[in-house]
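Along the sequence shown, residues carry numbers from 1.
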Amino acid sequence: MFYTIFDAFINFLNGLPPEAVWLLLLVTCFGSVLLLLRVMGEVGLYAYVIVAIIAANIQVLKAVKFGIFSEPVALGTILFSSTYLATDILTEHYGPKHARNAVWSGFIGFALMTYFMTITIGFKPLDPASTPPEWSWAIENHRHISALFTPAPALLVAAMSAYLCSQFLDIFLFQKIKVKTKGKMLWLRNNVSTMAAALIDNVIFSILAWRFFAQTPLDWKVVIFTYILGTYALRCVVALLDTPFLYLSKYCLPREKRP
């Protein structure tokens with residue numbers, strides 16, 4: 001029953017335009033940030049950042065053909081961009097120190113997952129010649145896990161280098177603009193800090209992941225125009241779309257934190 005519902009949902013999503021699924025993911029991510037804030041406060045946002053960073057670095061292994069791009073584009077943009085909303089909410093309502101703690105939590109979470117899964121792959125797989133047929137699923141799963149997590153160490157370096165630089169820049173700019181504007185113009189500090197940080201993230205990650213650490217490096221033209229500039233335009237749109245959620249965040253604060 002469960003698998004039937006799951007397969008039906010996947011088939012339903014496969015039948016939608018990629019842009020529609022992209023929008024569904026965006027609303028789900030932003031809504032989850034507000035829900036976790038309401039239910040768990042800052043701890044909920046820490047949890048969200050950890051999960052989103054891990055999921056985004058797995059999601060980036062899948063490419064999708066969107067209508068607006070000439071080349072397929074790796075996923076992960078929405079999940080990763082949604083962490084900026086979480087850290088901006090933390091900076092706005094809890095202070096920069098709590099936002100930096102969330103950034104480090106995401107970094108440590110992904111590093112630990114990579115380490116754990118590397119050890120998992122390191123266990124000697126079952127021998128197909130001597131394994132009973134009922135355990136054939138374990139042999140197949142080892143291949144799937146290896147294919148999924150073998151790129152993780154290289155992606156860890158690329159993604160986490162970009163992640164730390166861009167997130168700390170985002171927090172710094174957000175707080176700086178907040179002080180300069182005396183706490184006014186929330187939309188300005190949200191968009192300026194996020195867009196600046198997203199550009200830094202795109203440049204660092206794209207060059208490291210798709211040129212220096214890629215088994216088959218992509219052409220510089222594809223890296224610059226599709227992954228750096230192309231997805232940056234997409235991330236600017238995401239930054240604009242997350243602004244209303246940042247304004248809504250004050251209504252989702254735990255009761256003791258509400259103004």
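- Around CH2 of Trp220, the count of heavy atoms belonging to other residues, nucleotides or ligands within 6.0 Å exceeds 12.
- Taking each heavy atom of Ser105 and Ile50 in turn, the nearest pair found is O-CG1, 3.4 Å.
- Across all their heavy atoms, Gly106 and Ile53 have their closest contact at O-CG2, 3.8 Å.
- Between Trp210 and Phe205, the ring planes are perpendicular. Angles over 60° get that label, and only those under 30° would be called parallel.
- Between atom CD1 of residue Ile10 and atom CD1 of residue Ile5 there is a gap of 12.5 Å, rounded to the nearest 0.5 Å.
- In this structure the side chain of Trp104 reaches within 4.5 angstrom of the side chain of Leu164, judged on heavy atoms.
- Remark: the Asn191 side chain and the Thr243 side chain contain an N/O donor-acceptor pair separated by less than 3.5 Å.
- In this structure the side chain of Thr28 reaches within 4.5 angstrom of the side chain of Ser32, judged on heavy atoms.
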Next item on the list: Please step through side chain to side chain contact (heavy atoms under 4.5 Å, CB included) for the pair Tyr94 and Leu253, ending with a clear verdict.
Entry: CA-CA 10 Å; Tyr94 292 90; Leu253 289 168; 4.1 Å; yes
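- The distance from atom CZ of Phe174 to atom CG of Leu188, rounded to the nearest 0.5 Å, is 10.0 Å.
- In terms of modelled atom types and a separation under 3.5 Å, the side chain of Thr87 and the main chain of Tyr84 share a donor-acceptor contact.
- When atom types are taken as modelled, the side chain of Ser161 and the backbone of Ala158 share no donor-acceptor pair closer than 3.5 angstrom.
- In this structure, the side chains of Ile108 and Leu112 come closer than 4.5 Å at one or more pairs of heavy atoms.
- Closest of all the heavy-atom pairs between Leu45 and Ala86 is CD1-O, 3.7 Å.
- The CZ atom of Phe149 sits 8.5 Å away from atom CG of Leu61, with the distance rounded to the nearest 0.5 Å.
- For the residue pair Ser249 / Glu92, no side-chain donor-acceptor distance below 3.5 Å is found, with atom types taken as modelled.
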Checklist line | Evaluation steps, side chain to side chain contact (heavy atoms under 4.5 Å, CB included), between Ser146 and His142 | finding: CA-CA 6 Å; Ser146 297; His142 174 78; 3.5 Å; yes
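- Side chain of Tyr46 to main chain of His98: a donor-acceptor pair is present (N/O by atom type, distance under 3.5 Å, no hydrogens or angles).
- Linking Ile, Leu, Val, Met, Phe, Trp and Tyr whenever their side-chain heavy atoms come within less than 4.5 Å leaves Ile58 and Val51 in two separate clusters.
- In the hydrophobic cluster analysis, where Ile, Leu, Val, Met, Phe, Trp and Tyr join through side-chain heavy atoms closer than 4.5 angstrom, Val64 is grouped apart from Val21.
- Note that CD1 of Ile200 is 6.0 Å distant from CG of Leu169, once rounded to the nearest 0.5 Å.
- Looking at Tyr247, its side chain does come within 3.5 Å of a backbone N or O of Trp187 through a donor-acceptor pair.
- No continuous path of hydrophobic side-chain contacts links Leu148 to Ile139 [ILVMFWY only; heavy atoms under 4.5 Å].
- Taken to the nearest 0.5 Å, the CD1 atom of Ile89 stands 10.5 Å off from the CG atom of Leu36.
- Grouping the Ile, Leu, Val, Met, Phe, Trp and Tyr side chains by contacts below 4.5 angstrom, directly or via other members, places Val27 apart from Leu13.
- Remark: Phe172 CZ is loosely packed, at most 12 non-hydrogen atoms of other residues, nucleotides or ligands lying under 6.0 Å away.
- You'll find the side chain of Val103 stays beyond 4.5 Å of the side chain of Val49, heavy atoms only.
- Linking ILVMFWY side-chain heavy atoms closer than 4.5 Å, directly or via other members, places Leu199 and Phe225 in a single hydrophobic cluster.
- In this structure, the side chains of Val238 and Phe30 come closer than 4.5 Å at one or more pairs of heavy atoms.
- Rounded to the nearest 0.5 Å, atoms CE (Met113) and OG1 (Thr118) are 8.0 Å apart.
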Next item on the list: Could you walk me through whether Asn101 and Glu42 pass side chain to side chain contact (heavy atoms under 4.5 Å, CB included), step by step?
Entry: CA-CA 10 Å; Asn101 286 342; Glu42 63 177 309; over 6 Å; no
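- Applying the salt bridge (Lys or Arg N to Asp or Glu O under 4.0 Å) rule to Arg100 yields no partners; only residues at least two apart in sequence or on another chain are considered.
- Asp201 is listed as a side-chain neighbour of Phe80, based on a closest heavy-atom distance under 4.5 Å.
- Considering all non-hydrogen atoms of both residues, Leu75 and Gln59 come closest at CB-O, 3.5 Å.
- For the pair Arg211 (side chain) and Val223 (backbone), a donor-acceptor distance under 3.5 Å is absent.
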Next item on the list: Before giving the answer on side chain to side chain contact (heavy atoms under 4.5 Å, CB included), spell out for Thr77 and Arg235 the whole-Å C-alpha distance, their side-chain angles and the decisive distance to 0.1 Å.
Entry: CA-CA 7 Å; Thr77 300; Arg235 293 182 69 168; 3.3 Å; yes
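- Contact annotation: the side chain of Cys29 approaches that of Leu79 to within less than 4.5 Å [non-hydrogen atoms, C-beta and beyond].
- Closest approach of Pro96 to Ile171, counting heavy atoms only: CB-CG2, 3.9 Å.
- Tyr163 and Thr83 share no side-chain donor-acceptor pair at under 3.5 Å.
- Residues Leu186 and Leu246 approach most closely at CD1-CD2, 3.6 Å, considering heavy atoms.
- Contact annotation: the side chain of Phe9 never approaches that of Phe6 to less than 4.5 Å [non-hydrogen atoms, C-beta and beyond].
- Side chain of Arg189 to main chain of Thr181: no donor-acceptor pair is present (N/O by atom type, distance under 3.5 Å, no hydrogens or angles).
- For the residue pair Asp88 / Thr194, a side-chain donor-acceptor distance below 3.5 Å is found, with atom types taken as modelled.
- Surrounding OH of Tyr115 are at most 12 heavy atoms belonging to other residues, nucleotides or ligands under 6.0 Å away.
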